[in-house]
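Below, chains carry the letters A, B, ... as their sequence lines are ordered, and counting in each starts from 1. As the structure is a prediction and not an experimental result, all values here were calculated from the model.
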4 protein chains.
Amino acid sequence: MIDYRIDRGSGVPAYVQIIEQTERALRMGTLRVGDKLPTAREVVAATAINPNTVLRAYRDMEQAGLVELRRGLGTFVTRSLARPEAESDSPLRQKVADWVARARDAGLERADVLALVTAALDVYDNEHDSTTPGDRERKKENA
Amino acid sequence: MIDYRIDRGSGVPAYVQIIEQTERALRMGTLRVGDKLPTAREVVAATAINPNTVLRAYRDMEQAGLVELRRGLGTFVTRSLARPEAESDSPLRQKVADWVARARDAGLERADVLALVTAALDVYDNEHDSTTPGDRERKKENA
Amino acid sequence: MIDYRIDRGSGVPAYVQIIEQTERALRMGTLRVGDKLPTAREVVAATAINPNTVLRAYRDMEQAGLVELRRGLGTFVTRSLARPEAESDSPLRQKVADWVARARDAGLERADVLALVTAALDVYDNEHDSTTPGDRERKKENA
Amino acid sequence: MIDYRIDRGSGVPAYVQIIEQTERALRMGTLRVGDKLPTAREVVAATAINPNTVLRAYRDMEQAGLVELRRGLGTFVTRSLARPEAESDSPLRQKVADWVARARDAGLERADVLALVTAALDVYDNEHDSTTPGDRERKKENA
DNA sequence: GTGGTCTAGACCACA
DNA sequence: GTGGTCTAGACCACA
């Protein structure tokens, strides 16, 4: 069961944080089609945010076609965003685990790690921008 | 000069995006103490957000001790967040560039890449949580 | 409930006046941890300044760790600045009440009274400056 | 010669700080009719603010009838705000010096001291408000 | 209902 | 010219 963590004070709206964390779990395959999301009540208990806020996030994801709200039953994943390359035994995932460990062991904070990756993404995308015109989702995804 | 990209519709407030991008540049050493940030007018020209929104971001960073707003002169970096491990010729940076290239070449989107890294960070931090009690900045940094 | 008075035309920004008055109340113990500040709407009704201006003041105080803004609930004091020496039954407070009464009865205006105290502070601090190097908050507090 | 101290970051405009400090000196008798204020150039050297800012303050005080700007000569005090009760050998001044010393020795900061005095003024003025209707300058002076 | 973001626009402070 | 304050007003986030 996905375990949401809300960072009040990050400036990012709570419902956006729920959506982001859900999408990440979908991409990682942690959450699969048919899986049940926690009830609003459960999220409230874990995060101290208001049930309406949770429902707002779930409703947004329903409109995006990711989940389905079934009255009286719960909220269920209806679409996968999983990538075979992101599976837990993939070499890509092994490698990033090694790299992250190295970075953290060297004293870098989570934010440093994410800054490094974002910078690397920017470099890659700039280089492949004019070359690969089909690659339109680049920059906009995580500006 | 840092070049802000605002993703309207990400749900993340524009002023938060400016702060996040500035902090990333500080961590990467792209922005150094004494550097001038773009004027509110320049950001407006580049991003079509309102000058007040830019100033809100700059003011928040001033209160955080990162920059100084000098009337009539501009806004200047006053504190470094740079890490030697994040320098452009560091092995860590080389490695992440390689890994990102592989991931993107395999067809993963930016969001997939960031999801993989975040998941790796979570795994690492969970493993080192109870072991390394000084490591208190974990989860909260990027919930 | 604290009752803000805005002196338009003093040249001091309205949001600064709100912060100053709040901090004074915190120092005096008039406002304690957990107390609720008036809502932006209430301040607007009482002072005829714009809600955004009130929120600017509250936000600044939140970043200073003095209060917490809770959406939908209100703004609450989170830190005390109270000094036991400033309690209402302290001899110090008795004495200053006597002195102020004498000064006012002698025809001095509020500004005269504050000028006298500021001058006395300057004299004291100059005398104890080089002597007490730990006393670094002197002059800067109220220039 | 009066020695201005500008607290950048207090939120109070620099020219207002100059006026406030000048008025305090006038009330205390530190500055008397005929005295010369420092030249803009001198203030700039001491405070690192722009000469125009100093001139703005001087011009405002000229319009208030406190000083006179004589081209090529300097700026001179033309009106006294001094009160006999505030003279350096007055009992009122002795007393406040004692009280301030006590308060500071007890560990109170400048801001605590000023908060105590302001609170005492508020109490006094509230009590004498309805009683002494001629006392119209009360609250407004230092809101 | 309470706070939060953002805008357009006026006007001010400072260099 | 650059930042700073304030406003009125629209709309959103959260309780």
Item checked: Of B:Gly74 and B:Arg59, the one whose closest DNA chain F nucleotide lies more 5' ->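 Looking at the nearest nucleotide for each, B:Gly74 comes out on the 5' side.
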Notebook entry, point to check: Under 4.0 Å between a Lys/Arg side-chain N and an Asp/Glu carboxylate O for D:Asp7 and D:Arg5?
Noted result: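 Salt bridge: no.
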Checklist line | B:Arg110 and A:Asp125 ion-paired at < 4.0 Å | finding: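 Result for this pair is yes, salt bridge flagged.
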Notebook entry, point to check: Quick one: does B:Ser80's side chain have a donor or acceptor within less than 3.5 Å of a partner on B:Gly29's backbone?
Noted result: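 No.
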Item checked: Selection: residues 60-67 of chain B, any non-hydrogen atom under 4.0 Å of DNA chain F ->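 Nucleic-acid contacts, sorted: none.
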Mind calculating the distance between [atom1] ([X]) and [atom2] ([N]) to the nearest angstrom?
X: C:Lys36; N: E:dT2; atom1: NZ; atom2: P; result: 6 Å
X: C:Arg41; N: E:dG4; atom1: CZ; atom2: P; result: 11 Å
X: B:Met1; N: F:dT2; atom1: CE; atom2: P; result: 10 Å

Can you tell if the side chain of [X] reaches within under 4.5 Å of the side chain of [Y], non-hydrogen atoms only?
X: B:Tyr58; Y: B:Val43; result: yes
X: D:Thr75; Y: D:Glu68; result: no
X: A:Glu20; Y: B:Val12; result: yes
X: D:Tyr15; Y: D:Leu55; result: no
X: A:Arg56; Y: A:Thr53; result: no
X: C:Asp60; Y: B:Gln63; result: yes

Item checked: Residue pair B:Gln21 / B:Tyr4: nearest heavy atoms and the distance that separates them ->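 Looking at all heavy atoms of both residues, the closest pair is OE1-CA, 3.4 Å.
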Notebook entry, point to check: For the residue pair C:Ile2 and C:Ala25, what are the closest heavy atoms and their distance?
Noted result: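 Distance-wise, the nearest heavy atoms are CD1-CB, 3.8 Å.
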Item checked: side-chain N/O B:Thr75 vs F:dT2 OP1/OP2, d < 4.0 Å ->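 Answer no for this pair, as no side-chain N or O of B:Thr75 is under 4.0 Å from OP1 or OP2.
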Notebook entry, point to check: How does DNA chain F read in dot-bracket, base by base from 5' to 3', with Watson-Crick or G-U pairs under 3.5 Å and | used when the partner is on another strand?
Noted result: ||||||||||||||.
Checklist line | Contact letters for nucleotides 7-15 of chain F, in which S counts primed atoms plus P, OP1 and OP2 and B counts the base, heavy atoms under 4.0 Å | finding: BBB---BBB
